[in-house]
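The chains referred to below are lettered A, B, ... by the order of the sequence lines, with proteins before strands, and numbering in each begins at 1.
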Protein chains: 2
Amino acid sequence: MSDQKIRNMEHFSAVCGISRPTVSKYFNDPESVRKSTREKIEAALKKYDYRPNIYAVNQNRRQTKNIGLVVPNLTDPFFAGIARTIEGLIVEAGFNPLLLSSHGGPEHEIANLDSLRSIKPAGVLLAPLGRASLEDQVAEFANEVPTVLFDANLGDVGEAYFGSDNTQSISLIVDYLCRSGEPPVFFEMKAPINPNAYKRRTAYKAAMGRLGYEPHLLQVDGQGWNFEEIGFREGARILTGRQLPTNTILCSNDRLAIGLLSAAFENGFKVGLGAEASLRIAGHDDHPFSRFTCPSLTTVSQDYEAIATRSVETILSLIDRGGRMQTREETLFEGKLVMRGSA
Amino acid sequence: MSDQKIRNMEHFSAVCGISRPTVSKYFNDPESVRKSTREKIEAALKKYDYRPNIYAVNQNRRQTKNIGLVVPNLTDPFFAGIARTIEGLIVEAGFNPLLLSSHGGPEHEIANLDSLRSIKPAGVLLAPLGRASLEDQVAEFANEVPTVLFDANLGDVGEAYFGSDNTQSISLIVDYLCRSGEPPVFFEMKAPINPNAYKRRTAYKAAMGRLGYEPHLLQVDGQGWNFEEIGFREGARILTGRQLPTNTILCSNDRLAIGLLSAAFENGFKVGLGAEASLRIAGHDDHPFSRFTCPSLTTVSQDYEAIATRSVETILSLIDRGGRMQTREETLFEGKLVMRGSA
DNA sequence: CGCTGTTATTTACGCGTGTAAACATTGTGA
DNA sequence: TCACAATGTTTACACGCGTAAATAACAGCG
């Protein structure tokens, strides 16, 4: 590695002994130049520390190589995990991921889209906040920039949507709970931010009806994204208060269940399957921490590998074909039952 | 809002009725132009949707307004939280944060620094992996770009370091544990990746010595960042195996403690303070989830507000004065005891 | 009113790259 | 050996903005 500083592509092409346009061609696609030329350039790259100025490149390219990735809340390990997977896939495809979190706030979500605008991304993968999203503004963005939604759907915004099949997954766990004990009540927030929550509620009612049971909703107050806190506080209220019609509680998501488990523990309930247990608790999502709750949480895992993979594939082909789909694709992936100690 | 598209600053300055260089001046600092001019520009901004091309701007400015923010692992809610706080502070200061996670991998850490290089950030806030970091390459980066370390120190890399005072915090909780029951053994990984872990080990030994007790280390095997998993697996082994010299276990961090609590639960140990409990467990960090463990986890909170604030202040003043400090600052912030149910 | 210092305009150039067109060179196969 | 296609070079322009220098307009003041 020589310590001579390369000023720009002109300079670099000079030390290569090759013209600048050819070097430019090389950086856009190494395969597009003759083998002997490629080798000369790569030898020089080993020797000198040069890389094209990204700002000059992006100013002149028709498209940047940037792909925006917006998740509702990075503090939630579930989203941190899926973001990581997606980032990896984007990098593999030769693009540059830009990760932004909306921190649970609709204004923040719009601010994220706004700052993505100035970066002129080739495409955007967006997991919207859901009900709280400022749909008009999100739709406007998706109109300007090729956008694929995942995790939560939002009207017909974007060119495609990939998420979980809540009907299937909730049906699956309701079925399991009924077969292995008493039919579950459904623990959820009264006004959830997430549209999946509504689908899960409906799916719960349908599943219970199909099995010949009366559905029973425990709808608790609570705002925002502090699900564990809400599950804990409202769970304690419910457990110590009125009588439940059954010993089994299915939570709308794992984070509520984690809070509820904590409340059950504090109030002396023994949670689990065995005869000595007085309560069964199940969740939904297979949150990274649900393996380590006490007892470990029975839940349904989302197929987030599939969601990530298909979302990335779709945005890439979308970019490839110039930004628009003929029809909006909506694909839901099935969940898998994860049987653990809590139910 | 007119729907006429503004092509560039030239065009925009035309509809403003002001020259382009003046408009350029406005965008660099709105206060630098006459009030009447400012009002004209702002009126036009309301009417037309224009913002300077970020690539053209950054190509010509001596400095970009970008500040890189690299954390070791975004999947860990602790880092997600501190990253969020830091992001907010950076935005407030009029800069543009770029969040990257090293996903626990040294090569990934270097790759992150490398991709930051091409973005030419004005400064970088780096929470390094620690022992696993490729120190030479990190140091080389810090030599090129004004860099402030936080959370984990790394030789004398960077212009400053802000972190927790492990000596104080460990001493604090050892003190508490000894006053409230039996003196603790120290549960940790044999070869931790985090340099803080070594400081905590040393601090534990010193604190025990000071109080007249024999220190006792439980050093378990385990690689990587799956601390809960390691805490669970090795915790189960320890709890069901050899006799412990005491009923109190202090974990090197909360994530190990979360795993250990889970293992204790599975193996029928009753954890807590009361007479009926057979085990006490404490952690370190006040992880977001430690409020919801069963029982809730007694721990020491890190003053991450202070770490975040001082780190950002420092990188900003560093940028302001041209990138170099006269001396490398190292400041440690005190932890606070968080007494909960587990010890 | 004219002076003075501040702010805006005009003009001009530079940043580092993409890209198109015309032309030159190279390698290939008949 | 020649023709042909593929690849490289040369030349030239464009992108959208920062910035400097010279000049012009302005506000405030006595």
*In whole angstrom, what separates His11(B)'s NE2 from dC15(D)'s P?*
14 Å

*Going 5' to 3' through nucleotides 3-12 of chain C, assign each nucleotide B (protein heavy atom under 4.0 Å from a base atom), S (under 4.0 Å only from sugar-phosphate atoms) or - (no protein heavy atom that close).*
----SSBBBB

*Does the side chain of Arg20(A) pick up a donor-acceptor pair with the side chain of Asn8(A) at under 3.5 Å?*
no

*asked:* Run Asn53(B) and Gln59(A) through side chain to side chain donor-acceptor pair (under 3.5 Å) and show every step you take.
replied: CA-CA 8 Å; Asn53(B) 180 309; Gln59(A) 183 175 11; 5.7 Å; no

*Answer yes or no: is there an ion pair linking Arg328(B) with Glu159(B), defined by an N-O contact shorter than 4.0 Å?*
no

_Nearest whole Å is fine: how far is dG18(C) C1' from Asn8(A) CG?_
14 Å

*Of all the choices, dG18(C), dA20(D), dA20(C), which nucleotide is nearest to the side chain of Arg62(B) once you look at every atom?*
dA20(D)

_Counting the atoms with a prime plus P, OP1 and OP2 as sugar-phosphate, which does Phe12(B) contact under 4.0 Å by heavy atoms, base, sugar-phosphate, or nothing?_
nothing

*Arg61(B) CZ to dG16(C) P: how many Å, rounded?*
16 Å

*Figure out the CG/C1' separation between Asn60(B) and dC15(D), and round it to whole Å.*
11 Å

*Starting at CD of Glu39(A), measure out to SG of Cys16(A) and round the result to the nearest 0.5 Å.*
13.0 Å

*asked:* Can you measure Ile6(A) atom CD1 to dC15(C) atom P for me and round it to whole angstrom units?
replied: 16 Å

*Which residue, Glu42(B), Lys40(B), Arg38(B), forms the side chain to side chain donor-acceptor pair (under 3.5 Å) with Tyr26(B)?*
Glu42(B)

*Protein-nucleotide distance (Met9(A), atom CE; dC15(C), atom P), rounded to Å*: 16 Å

*State whether Tyr26(A) places a side-chain N or O below 4.0 Å from either non-bridging phosphate oxygen (OP1 or OP2) of dT17(C).*
no

*Can you check whether Asn28(B) has a side-chain N or O nearer than 4.0 Å to OP1 or OP2 of dG18(D)?*
yes

*Nearest-nucleotide pick for Gln59(A), side chain only, options being dC17(D), dC15(D), dC15(C)*: dC15(D)

*Provide, to the nearest angstrom, the distance between the NZ atom belonging to Lys65(B) and the P atom belonging to dG18(D).*
12 Å

*What distance separates Thr64(B) OG1 from Ile119(B) CD1, expressed to the nearest 0.5 Å?*
8.5 Å

*Given atom CG of Asp29(A) and atom C1' of dG18(C), what is their separation to the nearest angstrom?*
15 Å

*Sequence neighbours left out, what passes side-chain contact (heavy atoms from CB on, under 4.5 Å) with Gln326(B)? Give chain and number order.*
Arg321(B)

